[in-house]
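What you see below is based on every heavy atom in this structure, not just the backbone, and it leaves out hydrogens, waters and symmetry mates. Just so you know, these numbers come straight off a predicted model, no measurement behind them.
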Amino acid sequence: MDGLTESTTSRVAPRAARHEQTFPRLSATQIARIAHHGRAREVAAGEVLVEAGQHAVPFFLITRGRVEVIQPTLAGEALVAIHEPGQFSGEVSLISGRRSLVRMRAAEPSEVIELARGELQALVQTDAELGELILRAFILRRVELIARGYGDVVLLGSVHCAGTLRVKAFLSRNGHPYTYVDLDHDRDVQGLLDRFHVGIDEVPVLICRGELVLKNPTLAEIAECLGLNAEVDAARVRDVVIIGGGPAGLAAAVYGASEGLDVLVVESTAPGGQAASSSKIENYLGFPTGISGQALAARAYTQAQKFGAQMLIASGASKLACDQRPYAIETLGGTRVSARAVIIATGADYRRLELPDLARFEGAGIYYGATFIEAQLCSGEDVVVVGGGNSAGQAAVFLAQSARKVLMMVRSSGLADSMSRYLIRRIEESPTIELRTFTEVAALAGTDHLEEVSWRDTRTVTVETRPIRHVFVMTGASPCTHWLEGRVTLDPKGFIKTGPDLSTDDLGNARWPLARPPHLLETSLPGVFAVGDVRCGNVKRVASAVGEGSIAVSFVHQVLHE
């Protein structure tokens, strides 16, 4: 999986150099090092090495002949690439263990060196040069597949359907290429609907591998269809289960897996958390020109899997069983996993506006993230951004590139107390952004989609109404702790208390069983840690979340040795 966009990767290298990085040709020395990890085999002309949709896909290095990479489509086959001697197969699905998106077939009698997925993981972990070369090629190939729409799914949808946006966002955030058919503009779509016996009222529809048809699917059904999750051994006791795949959870996964821990990450939607909705993060260390939240999450996701961490996507935690150790985590999909230690990184959701018609317009005019998908919906229109934090500021600046006017609404007197200075300056200097202070949204109106927004000046109590179809809500934070059911101590707002924030009374009420006090990020349950936005007293910055995730792993080691 990789969420890098064309604009992001175009800065990696000029076009010619980028092609060489995407399809490198290895030296004799490099080929010999790979051969040490695998085995040579002869391949007959026309022999299929990998079938589209196949699990457990091997890695192939071509030493003689040619191997074609083909994308099966509803209309036939499309040639994606040709691998020649010295070149290798694969893209990021090989590292993640997901189904293959393409078919590989020998164009002539050939010879290859074959490595199983585990052997490839060992190679990229132990050979720094080849590891960098292979992973960079894998990521760039996935970017190319996304840019060219070479996926194994077709999405039939409408911009007027909230479910279409939900499925689009899930596919994009998981970096899965897909072909989109717009039912509002494609004149030939009725034939496709008839072919798969789909009614217009059943959209969005996902067609997987040209055979399986999902009508208005849940995220779990999509994950199952695409093979996003490998089989989980319920009898296996993990060193640590990380609940939540945002920056904090992914950082914990990278550090834990790289240090030899048996790591499982349980994520309810897609990697990246709230940060994935940030179009551009410019104050994260090491990225002077900025990086999108989705690209950052995609790289971290691939990095964690490189070291052997396992991921469960679209399967959040529903319960923490803590009556005995090892602890048990029950997922929404019904899977039960055991762990010697737990890191809770479930983050927080943006607080919903207290308006009677809000739910009706969520996904149909009300959005909680501003990515390229949402920006395409409101190009050339007036939009509203509600909130005064960095996420709201990033959204306003990003949307100002395509919207006619961005009305930014905050209930306070300004932005200085809640937003980074560089964003405030961008907002002040943008002729497209209009800041409205002491302002709150008062009402929403529309039929199938939001059509009209009213807002109130809290000083004068005057109400203004305009025909606006898109509102981006990024206000406050509601911690995702409802599933814990009192298993750990929370503060009055529902955030998890850890370390020195746990009072003597808190520990007494929780019946803390150890002579030592809780570690810095440890909850009122020994061996259970909380990091990132879900934790009481958190600093709402991506770098802070990453730091907490990595620090928590050091405490996990101490707990495992107790």
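- Seen from the ring of Phe398, Lys280 does not count as a face-on cation partner, given the 6.0 Å and 45° thresholds.
- Of all the heavy atoms in Phe170 and Thr269, the pair that sits closest is CE1-O, 3.2 Å.
- No donor-acceptor contact under 3.5 angstrom links the side chains of Ser550 and Glu548, judged on distance only.
- In this structure, Arg141 contributes its side chain and Gly90 its backbone to a donor-acceptor pair below 3.5 Å.
- Taking the side chain to side chain donor-acceptor pair (under 3.5 Å) definition, one finds that Thr63 meets it with Glu111, sequence neighbours left out.
- The heavy-atom pair separating Ala248 from Val531 by the smallest distance is CB-CG2, 3.7 Å.
- In Asp448, the CG atom is not crowded: 12 or fewer heavy atoms of neighbouring residues, nucleotides or ligands sit closer than 6.0 Å.
- In plain terms, the two heavy atoms of Gln30 and Leu133 that are nearest each other are NE2-CD1, 4.1 Å.
- No side-chain heavy atom of Leu140 sits less than 4.5 Å from a side-chain heavy atom of Glu91.
- Note on residues 130-159: no pairs pass ring-ring contact (aromatic ring centres under 6.0 Å, His included), not counting sequence neighbours.
- Every residue meeting the salt bridge (charged side-chain N to carboxylate O under 4.0 Å, His left out) condition with Glu77, not counting sequence neighbours, appears here in chain and number order: Arg103, Arg105.
- Checked against the 6.0 Å centroid threshold, Phe88 and Phe60 do not count as a close aromatic pair.
- A salt bridge does not link Glu267 with Arg173: every distance from a Lys NZ or Arg NE/NH1/NH2 to an Asp or Glu carboxylate oxygen is 4.0 Å or more.
- Not counting sequence neighbours, Gln401 has no partner by the side chain to side chain donor-acceptor pair (under 3.5 Å) test.
- Between Val159 and Asp182, the shortest heavy-atom distance links the atoms CG1-OD2, 4.4 Å.
- Donor-acceptor pairing under 3.5 Å is lacking for the side chains of Gln305 and Gln121.
- Of the possible donor and acceptor atoms, none in the side chain of Gln125 sits under 3.5 Å from a partner among the backbone N and O of Ala122.
- With sequence neighbours excluded, the residues satisfying salt bridge (charged side-chain N to carboxylate O under 4.0 Å, His left out) with Glu119 are Arg39.
- Salt-bridge formation is not detected for the pair Glu84/Arg66: no Lys NZ or Arg NE/NH1/NH2 atom is positioned less than 4.0 Å from an Asp or Glu carboxylate oxygen.
- Remark: the Gln394 side chain and the Ser278 side chain contain an N/O donor-acceptor pair separated by less than 3.5 Å.
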Margin query: Test ring-ring contact (aromatic ring centres under 6.0 Å, His included) on His470 and Tyr367; report intermediate values, then the result.
Written below: CA-CA 8 Å; His470 307 282; Tyr367 316 106; 5.8 Å; yes
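- Not counting sequence neighbours, the partners of Asp152 by the side chain to side chain donor-acceptor pair (under 3.5 Å) test are His176.
- At least one donor-acceptor pair under 3.5 Å links the side chain of Ser318 to the backbone N or O of Glu330.
- Other residues, nucleotides and ligands contribute only 12 or fewer heavy atoms inside 6.0 Å of the CD atom of Glu224.
- Counting heavy atoms of neighbouring residues, nucleotides and ligands inside a 6.0 Å radius, atom CD of Glu259 exceeds 12 of them.
- Of the residues Leu264, Val265, Val266, Leu250, the one that meets the side chain to side chain contact (heavy atoms under 4.5 Å, CB included) test with Ile242 is Val265.
- No side-chain donor-acceptor contact under 3.5 Å links Arg238 to the backbone of Arg340.
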